[in-house]
Structures are given as C-alpha cells and as structure tokens.
Amino acid sequence: MNNIAIFASGSGSNAEQIIKHFKDSKTTKVELILCNKPDAFVLQRAENHNIKSITFTKNELCQSSKVIDALTEHKIDYIVLAGFLLLMPANIVEKYNTKIINIHPALLPKFGGKGMYGENVHRAVIEAKESTSGITIHHVNQHFDEGDTIFQAEVAVCKEDTAETLAQKIHQLEHKYFPSIIEQQLEKL
Ligand code: GRF
C-alpha cells in the first residue's frame, strides 16, 4: 500500500478530489492531511472523509521535526502539494526526492515563483492578455515552481474572463487531471 500525505493551506477542493479518487483503491491510501492554517476548509473536508489531519506553523515546518516526524510515523510514501503556500524545507525535499508533486494554476515557467498563487496568478495572466492559461503538475525541488514538469493542460482565456471565472476553469482542469496523474506517478514507484 502506498500512503499519501496531502499538504494544503486553503479550501482543499483538489485534496477532496484526490481523497475521492483513491477511496476504494487497493494500492493507495490518503493517510494524512497536513495544513499550516488552523481555519482552512481542507481540515473540515478531511474530517468529513475520516482522514487524519495535523496542523503546524511555518516555524514548526522549518525549525522543528514535527512535520517530518509525522510523515515517518504515518509511513508516508508520497507527498502531494495541493494549494500549499509554504516552501517545502530541504530535509523533506531530500528525504522524498522525486516523490513530491505539486499543482500550479498556470502554464509554467510563466506566472510562477514566490507570490504567484491563487488569484494573483489569474490576475497576472489576464493583465498580460494571454490567450491561453492552464495547469502544470510538476516535481518539487527547493525553489517555488521550478521542479521538472510532469503534465500540462491548457484552457482558452476569453476577453470576458475575470480572475474569478478563469480560476473556475482552472479548477475544473485540476480536478479532472490531478488525481490520475498522481496515480500514474505512483505506478512508477
Ligand atoms: C489550486 O488552484 C492550485 O493550483 C493552487 O492552489 C489552488 C488550490 O485550490 N496551487 P484548492 O484549495 O484545492 O481548492
């Protein structure tokens, strides 16, 4: 059995799609949700699906062994970042190496890096008058949004699009592709 941990900071709609995707899997279990925001809705979603969750501060992530100890204790094999806003510290990136995946709501290498998250990304895409945007699913290294790309999918940006409508389109793409791309990666372990 592959045990997955999902790191998220916000609503957790991607986390929930992943939980649902692997619900009846005989090979993969979403074992733990890790979150740096005590009031994030992802924690409620975890509870609704009877998935254990832990919260931690930025300091605990970077300066203590709380998070890596939890990963070890829960025998986590693979890490998914789904709307997680902090940089993964070196000790976790080293330990999991190619076994951490992230989703970014734009076509990297454009519109990535520090500060490029959530609405900021979609606003920047619209301001740049891009005709397409999309999603990038990629490996994680110690720099924001710079790991090798695994998969991209595109969507048209229309003249009428706002950051909000573009975010909705992107979420649809994310929910459609992220769980099955994770499954493909797990098959290669
Ligand atoms: C997604 O758009 C993801 O690409 C980005 O943060 C958002 C998280 O959404 N990294 P949700 O919390 O999964 O609904």
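It should be emphasised that the depicted structure is a prediction, and the values quoted were computed from it without experimental measurement. When reading the values below, keep in mind they use all heavy atoms of this one structure, side chains included, and skip hydrogens, waters and symmetry mates. Ligands are counted one by one from 1 in listed order, and the atoms in each one are counted from 1 as well.
At a 3.5 angstrom cut-off on N or O pairs, H171 counts as close to ligand 1. Between S13 and ligand 1, at least one N/O pair is under 3.5 Å apart. Every N/O-N/O distance between F84 and ligand 1 stays at or above 3.5 Å.
For the residue pair S13 and R45, no side-chain donor N or O sits within less than 3.5 Å of a side-chain acceptor on the partner.
Every atom of ligand 1 with a heavy atom of E174 under 4.0 Å away is listed here by number and element: 1 (C), 2 (O), 3 (C), 4 (O). Annotation for ligand 1: atoms under 4.0 Å from non-hydrogen atoms of S11 are 12 (O), 14 (O).
Nearest protein neighbour of atom 6 (O) of ligand 1, counting heavy atoms only, is G83 CA, 3.4 Å. Considering only non-hydrogen protein atoms, atom 10 (N) of ligand 1 sits nearest to I103 O, 3.2 Å.
A tilted orientation is assigned to the rings of Y177 and F151, their planes being inclined by 30° to 60°.
A donor-acceptor contact shorter than 3.5 Å links the side chain of Q152 to the backbone of L108. In this structure, N102 contributes its side chain and V140 its backbone to no donor-acceptor pair below 3.5 Å. When atom types are taken as modelled, the side chain of K66 and the backbone of T55 share a donor-acceptor pair closer than 3.5 angstrom.
For the residues A15, A167, G12, the heavy atom positioned nearest atom 12 (O) of ligand 1 is part of G12.
To the nearest 0.5 angstrom, K159 atom NZ is 11.0 Å from K129 atom NZ.
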